[in-house]
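Data block below; observations after.
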Amino acid sequence: MKDTLETNLPVEESGNLEEAKKMPEVAPEAVTEEKAVVNEDIDNNAEIETSTAPSPEGKLSKEEILEKLTELVATSAESARSEVEALKQAYYKLRRNEVDELKKAFLAEGGEEKDFQVPEDPTEDKLKELLTTYKEKRAAVVAEEEKRKADNYATKLALIDRLKILTESQEDFNKLYSEFKEIQQQWKEIKEVPAEHVNELWRNYQIYSEKFYDIIKINNQFRDYDFKKNLELKTALCEAVEKLDNEPDVVSAFHQLQKLHQQWREIGPVAKELREDLWTRFKAASTVINKKHQEHFEKIKSKEQENLAAKTEICEQIEQIDFSQLKTFKDWEEKNKEVMALQEKWKSIGFAPKKANVKIFERFRAACDVYFGKKSEFYKSIKEAMDKNLELKRALCEKAEALKDNTDWKETTEKLIALQKEWKTIGSVARKHSDAIWKRFITACDYFFEQKNKNVSSLKSVEQENLAAKKALITKINALDESLDNEDALAQLKDYMSEWSTIGHVPFKEKDKIYKQYHDAVDSQFDRLKVDRSERKMQTFRSSLNDRSDKSKNKIYNERDRLMRLYDRLKNELNTYENNIGFLSVSSKGGGGLVKEMNRKIEKLKEEMALIVKKIDAIDETLEE
């Protein structure tokens, strides 16, 4: 147990009480700070599990830590506080590493992070039991210490009463002096008393000690001898305090100073003419150490305030998360990376001031709990929806598999197309099932269409006739009457394009070639008639749809999906531009030009979206035929 810190240095001896009252006292100067450090309880550290304090004896296992802690708790609760603290930190570091390894193994086996449960560890209960026992024993020691100080105070009061009686006694001088020295010796042997009574006791002791010397009129030779011995002792104390200025450990120097002050109090007076100078020297050297000690704790205090500000900022960042903006897995994954980075940053920051340390940690933990609670709710709702979608798609797979061997080509084709449309209305499923369920469904569809195509080989002669018809139509397009006005010419061209759509399939090896000739002819006429590029694209797109065979129905569905995704992306982009343009002021410098540019982009996006809608409608019309 550390000695009680004195809040005031004693006044030096003087010839009378009035001089003693005039002597200066040294202010507490950082004693409050030091008490906070000395008396800080090990259970008051809210972040002890994330501390990086080293193990007290190298790397110990949890069992070795508990064994060592058991020994410490059993032997001494007075001097082992730092070792107990280090063992606690080492234990939780090992425990945290074990949990991390279990979590990695769980994830490696295919588990999901949200499903991981931290297993209970019976050794942790044993640790907490030992720490509780230690805390109780330490409390008992502190109580015993306070009782001892109170007893010492009562004993010193009794010694002062005895000293007072000596000053009024008329007995033999030798007997009185012997008793006086006995009182002095007993006074020195009694050490700690309650801090609030230290100076009062010392002043009363000095008053009656000096009164004893004056009243008894001890011979000058004997008194001078005492003064000389006391001068040597106090001079040595002055030198010892001055050497403390070179002590690198400020806290250690402060504690050594307290012991030197205790020794100073136990030494008797010196000659009157030397008292003030000697005390001034001792006090000046003490002030240097006290000032260093105070500056040391002011730096710690300042750093703790910086840590509190940094931790408060982290709490605010987590608390200000807008959960309404987290709508997809990607959104949550990105936000989760940010939160995990903030947690790592928290661990790298030191302690906040003692009064705020627990509160700021509770605030941080509460903010994290809210975030991970919201995340858990999101994943739970998405999982339920995906499980439902999976069941719906499995039912469609079963229907498609039941139809794949049917030879009623027309009716079965219509049913399978209906199933494909229904498939597109069902939302997504879990990634681990997505490829497998889609492959199962498309395999059944493809099998039917392959069987259907094998039974339509007789259509080859028809394809040759279609090829000849398409070549003739290309000739008509190239020979479009240039004397017609643009409106009539365009109407004639659209008729040709409609006629192209009515002509069936051509041999596969001729398909790309005839298709290119057709589009070259159409583009040539579009250029001559100066047809709007959007309309041109739409007409070309319609023609391309009609050239696809039943075997390519799935490609048409894929094209429709692609257009739907493109439409959603353009819609989001349009919303962004429309929101941003509201923040711009035409009157601001450069604002007008930027607004015009954004309006141009908005119009372009709307045109592209309108064209996509037309293409989707065209696809739907083709699929319904």
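Model, not experiment: these values are computed from the prediction. For this chain, numbers begin at 1 and follow the sequence in order.
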Test side chain to side chain contact (heavy atoms under 4.5 Å, CB included) applied to F106 and D115, step by step: CA-CA 9 Å; F106 178 79; D115 296 330; 4.0 Å; yes
Can E338 and K335 be said to form a salt bridge (charged side-chain N to carboxylate O under 4.0 Å, His left out), step by step? CA-CA 5 Å; E338 294 178 15; K335 186 58 65 177; 3.0 Å; yes
Tell me, with the steps shown, if K311 and N357 meet side chain to side chain contact (heavy atoms under 4.5 Å, CB included). CA-CA 10 Å; K311 290 186 173 184; N357 200 49; 4.3 Å; yes
Evaluation steps, salt bridge (charged side-chain N to carboxylate O under 4.0 Å, His left out), between R394 and E398: CA-CA 6 Å; R394 281 174 176 166; E398 292 172 358; over 6 Å; no
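Under the 3.5 Å distance criterion, the side-chain polar atoms of N97 are matched with a main-chain donor or acceptor of K93. At distances below 3.5 Å, not a single donor-acceptor pair connects side-chain atoms of N389 with backbone N or O atoms of I426. Distance alone, capped at 3.5 Å, places no donor-acceptor pair between the Y447 side chain and the E401 backbone. A donor-acceptor pair is defined here as one N or O able to donate and one able to accept, closer than 3.5 Å; no such pair exists between the side chain of S302 and the backbone of E298.
Note on ring orientation: taking the six-membered ring where Trp is involved, the planes of F441 and W423 are parallel (angle under 30°, cut-offs 30° and 60°). Using a 30° and 60° split on the angle between ring planes, H293 and H296 fall in the tilted class, from 30° to 60°.
Side-chain contact annotation: Q89 with E85, donor-acceptor N/O pair under 3.5 Å present.
Note on E573 versus K601: no salt bridge recorded, every NZ/NE/NH1/NH2 to OD/OE distance being 4.0 Å or above. Salt-bridge formation is not detected for the pair K388/E391: no Lys NZ or Arg NE/NH1/NH2 atom is positioned less than 4.0 Å from an Asp or Glu carboxylate oxygen. Ion pairing between a basic and an acidic side chain is recognised when a charged N comes within 4.0 Å of a carboxylate O; E597 and R600 show such pairing.
For K424, the NZ atom sits in a packed shell: over 12 heavy atoms of surrounding residues, nucleotides or ligands are nearer than 6.0 Å.
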